[in-house]
A.B. asks: 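Below you will find the structure I want to go over with you.
Every value quoted in this text rests on a predicted model; they were computed, and no experiment measured them. Per chain, numbering begins at 1; letters A, B, ... match sequence-line order. All values below were derived from every heavy atom in this structure, side-chain atoms included, with hydrogens, water molecules and symmetry-related copies excluded.
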Amino acid sequence: MTRLLPALRILAIIWVVITVVFVTLRLTPGDPAELLLGPTAGRQDVQERLADIRAQYGLDQPIPVQYAIFVGNVLQGDLGESNRSARPVISMIAAAAPVTIWLIVLSVGTAIPISIFLGMIAAARRGRTLDRGIRSLATLCMAVPSFWLGLLFLQWFASGLGWFPSRGYVAPLTDPGGFMMHMALPVITLAIFLVGTLTRFVYTETADTLQRDYITVSRAMGLASRTILFRFAAKNSLTPLIIVVGVEIGTLIGGAVIVEEVFGLPGLGRLLLGAVMSRDYPVVQGTILVITVAVILINIAAEMLYRYITPQARS
Amino acid sequence: MSASAPITTRIGRLVPRSPAGIVLTLLGIGVVLVALFPAWFTPYQPNGINARAILQPPSPANPFGTDELGSDVLARIIYGTRLEIAIAMGSVALAALFAVPAGLLAGYRGKTADWILTLIADSILSFPIVLFAVMVVASMGASVGTLIFVLGIVFIPRIFRLVRGQTQVLVEQGFVRGARAMGAGTFDILLRHILPNILGPVLVIVPQLMAVAILIEAGLSFIGLGVQPPQISWGSLLLVSKNYYVNAIWYPLAVGAVTTLASALLVFAGDLAANAINPDRRSG
């Protein structure tokens, strides 16, 4: 039973998420069928199409039946069709997802080494000017609105100096060089936020570890500070970083949504915001559902990986 | 031992003593005064139209320049403080209203109530904040009220977890057990013995949540889902100033810098408060 409970919790959380998405549409003022049909509701064959949608989603049925149909569809991977383009929502998500995944993977990849370096240096120089400087910088990185920073970068490095293209996206397979150039500014923008969070974390962990007995013993044995810092302290401080990155993935997706909007990257964020603006409810629902479930699974994966690496956390 | 002793020791630690703490506290009071009495701090009206002073660079009269209608940018930032504080404080207060009782109940009762309340909290936590906000705004429409509602909801699990954890620890403490042995009711124990002791830790995370509120407000207003112009908040000013990065960089630069500074100082204040209340584990 105790082994089953975590799995049960995960399923329960996913179920709550699906339910919240369902309820939100029902709470929206207006006829759900018209919302799902979208702005084309004024056309000639509107009654016919509304009837189609009512039948498809069972909107003429009582709420519990509607709910069962919704959950059933979601479990089968059927998220409905865009009311703008009539494309299946799931394939629109599949088309946009790589851009967002690239953006996040590259940002995490950029931020981790920088944060480890800054955090450990600060911990080793604890209380000195360098430490204070690094930690103030980390706080600033956390506090700066990323879209504002992104727009400043665009103004200075794209429009001003012409180092980077200003907006848009090129797939990595069609033009690897162009891909890197288009991704550079968005990745730096998103990585800066992450560096703020992760540096603070690495600092706390390393500072704690450096106070442990075995570090004192190593020092007494005459091991070089650098060896102690990077061989022993690093090992203990950095494993939890996995879990932090896993937990931060939700915040990171939120950041990515806004960064994509600033840099015109055709990822999930743009898909979602475009759908909100054009009142394309099936796309809004589907995108939020898929991203949230993905975030939950990543959180869990991070936690499991952490337990696998550190046996003492397996209790 | 009287029940009031722990209150004074724990909350008392939050009274600033270090120079940085005193400066931050005075600054905080200053910002609240700015929000309450903006006219004391600027001679200009936030919506003053002056066709002859459109997008003027910074000068002694307009330290942050003027905007597209000739209003003083500093005056607009000052008048935006009110909504900023209302959103940041309103959302935290709304969250505390639900999260504190729920956390007390879950931590004290345990069992089924705990399992269900924790499940709800974890479910809210699993939504990325921005996505949750976009979903709610898509159905309720963008307004200050929606923003406070959304932020209030997403802050609930963050306060709930803290209150629940603290309560679980306190329930096992001698003075709580003693009170129970002497026949104190659940309500009495929660209100008189546990609540006063968890206020300190709860107050400590308030600045951090307010910083998140300011950043989310800025982000959502920027994508058109937050405060709508002509209402003035820092986020709506960032949205309006979007078009002037080329010709009047001081305008977005000033608004963004103020937003960054405000949230950085809040994070910093949160770090200081956390160290004050928990001196054993200094993290910042």
A.B. asks: A:Thr287, A:Leu152, A:Leu149, A:Val284: which one forms the most heavy-atom pairs within less than 4.5 Å of chain B?
C.D. replies: A:Leu152
A.B. asks: Return the option, out of B:Ile129, B:Ile214, B:Leu220, B:Val134, with the maximum number of heavy-atom pairs under 4.5 Å with chain A.
C.D. replies: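 Most pairs with chain A among the choices: B:Val134.
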A.B. asks: Using non-hydrogen atoms only, which part of A:Leu151 is less than 4.5 Å away from chain B: side chain, backbone, both, or neither?
C.D. replies: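 Both the backbone and the side chain of A:Leu151 come within 4.5 Å of chain B.
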A.B. asks: Just so I understand: if I count every heavy-atom pair under 4.5 Å between each of B:Ile249, B:Val130, B:Ile120 and chain A, which residue has the most?
C.D. replies: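 If we count pairs closer than 4.5 Å to chain A, B:Val130 comes out on top.
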A.B. asks: Shortest non-hydrogen contact from B:Ala35 to B:Arg82?
C.D. replies: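 The pair with the smallest heavy-atom distance is O-NE, 3.0 Å.
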A.B. asks: Given side chains that start at C-beta, do those of A:Leu273 and B:Leu225 come closer than 4.5 Å, heavy atoms only?
C.D. replies: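 In short, these two side chains touch, coming nearer than 4.5 Å.
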A.B. asks: Does the pair B:Leu209 and B:Ile159 meet the rule for a side-chain contact (heavy atoms from CB on, under 4.5 Å), with working shown?
C.D. replies: CA-CA 9 Å; B:Leu209 293 179; B:Ile159 300 177; 3.8 Å; yes
A.B. asks: Given heavy-atom pairs under 4.5 angstrom as the criterion, report whether the side chain, backbone, both or neither of B:Ala218 touches chain A.
C.D. replies: both
A.B. asks: For B:Leu125, is it the side chain, the backbone, both, or neither that has a heavy atom closer than 4.5 Å to a heavy atom of chain A?
C.D. replies: neither
A.B. asks: Below 4.5 Å from any heavy atom of chain A, which atoms of B:Leu238 appear? Answer side chain, backbone, both or neither.
C.D. replies: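 Just its side chain gets close to chain A.
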A.B. asks: With side chains defined as the heavy atoms from C-beta onward, is the minimum distance between A:Trp15 and A:Leu11 less than 4.5 Å?
C.D. replies: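 No, their side chains stay 4.5 Å or more apart.
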A.B. asks: Can you tell whether the side chains of B:Asp271 and A:Arg200 come within less than 4.0 Å, N to carboxylate O?
C.D. replies: yes
A.B. asks: Who among A:Leu154, A:Ile14, A:Ile258 has the most heavy-atom pairs with chain B under 4.5 Å?
C.D. replies: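 The residue among A:Leu154, A:Ile14, A:Ile258 with the greatest pair count is A:Ile258.
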A.B. asks: Between chain B and each of A:Asp131, A:Thr24, A:Val20, A:Val293, count heavy-atom pairs under 4.5 Å; write down the option with the most.
C.D. replies: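 Option with the greatest count: A:Thr24.
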A.B. asks: Are side-chain heavy atoms of B:Val212 and B:Phe155 found at a separation under 4.5 Å?
C.D. replies: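 When only atoms from C-beta onward are counted, B:Phe155 and B:Val212 do touch, with a gap below 4.5 Å.
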A.B. asks: Count the heavy atoms belonging to other residues, nucleotides or ligands that lie under 6.0 Å from CZ of B:Phe98, then report whether that count exceeds 12.
C.D. replies: no
A.B. asks: So which part of B:Leu215 gets closer than 4.5 Å to some heavy atom of chain A, the side chain, the backbone, both or neither?
C.D. replies: side chain
A.B. asks: Relative to chain A, which segment of B:Met140 carries a heavy atom at a distance below 4.5 Å: side chain, backbone, both, or neither?
C.D. replies: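 Looking at B:Met140, nothing touches chain A.
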A.B. asks: Which residues from residues 246-256 of chain A are near chain B, with near meaning under 4.5 Å between non-hydrogen atoms?
C.D. replies: A:Gly250, A:Ile253, A:Gly254
A.B. asks: Would you check if B:Glu84 and B:Thr259 make a side-chain contact, meaning some heavy-atom pair closer than 4.5 Å?
C.D. replies: no
A.B. asks: Checking B:Gln231 against B:Ser236: is there a side-chain donor and acceptor pair closer than 3.5 Å?
C.D. replies: no
A.B. asks: Measure distances from A:Val257 to the heavy atoms of chain B and classify the residue's part below 4.5 Å as side chain, backbone, both or neither.
C.D. replies: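 For A:Val257, side-chain heavy atoms alone lie under 4.5 Å from chain B.
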A.B. asks: Which atoms of A:Val17 come close to chain B, meaning under 4.5 Å heavy atom to heavy atom: side chain ones, backbone ones, both, or neither?
C.D. replies: both
A.B. asks: Any heavy-atom pair between the side chains of B:Val137 and A:Val276 that's under 4.5 Å?
C.D. replies: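 A side-chain contact under 4.5 Å is absent here.
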A.B. asks: Quick check on the structure: residues of residues 264-272 of chain A within a heavy-atom distance below 4.5 Å of chain B, by number.
C.D. replies: A:Leu272
A.B. asks: Can you give me the closest heavy-atom contact between B:Ala211 and B:Ser263, atom names plus distance?
C.D. replies: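 Minimum heavy-atom separation between B:Ala211 and B:Ser263: CB-O, 3.7 Å.
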A.B. asks: Given a strict heavy-atom distance threshold of 4.5 Å, which part of A:Leu140 is in contact with chain B: side chain, backbone, both, or neither?
C.D. replies: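 Both parts, backbone and side chain.
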A.B. asks: Is the CZ atom of B:Phe268 crowded by more than 12 outside heavy atoms at less than 6.0 Å?
C.D. replies: no
A.B. asks: Would you mind reporting whether B:Pro128 and A:Thr292 have side-chain heavy atoms less than 4.5 Å apart?
C.D. replies: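 Yes, side chains in contact.
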A.B. asks: Please state whether the side chain, the backbone, both or neither of B:Leu253 comes within less than 4.5 Å of a heavy atom of chain A.
C.D. replies: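 Backbone plus side chain of B:Leu253, per the 4.5 Å heavy-atom cut-off to chain A.
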A.B. asks: Just wondering, do A:Phe147 and A:Glu261 contact through their side chains at under 4.5 Å, heavy atoms?
C.D. replies: no
A.B. asks: How about B:Val255 and A:Trp148: do any of their side-chain heavy atoms sit closer than 4.5 Å?
C.D. replies: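 Not in contact.
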A.B. asks: Go through the atoms of B:Ser241 and report whether side chain, backbone, both or neither lie under 4.5 Å from a heavy atom of chain A.
C.D. replies: neither
A.B. asks: Using a 3.5 Å distance criterion without hydrogens, assess whether the side chain of B:Thr146 forms a donor-acceptor pair with backbone atoms of B:Gly141.
C.D. replies: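 Side chain of B:Thr146 to backbone of B:Gly141, a donor-acceptor pair under 3.5 Å: yes, one is there.
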A.B. asks: Answer yes or no: does atom CE of A:Met304 have more than 12 heavy-atom neighbours from other residues, nucleotides or ligands under 6.0 Å?
C.D. replies: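 12 or below, so no.
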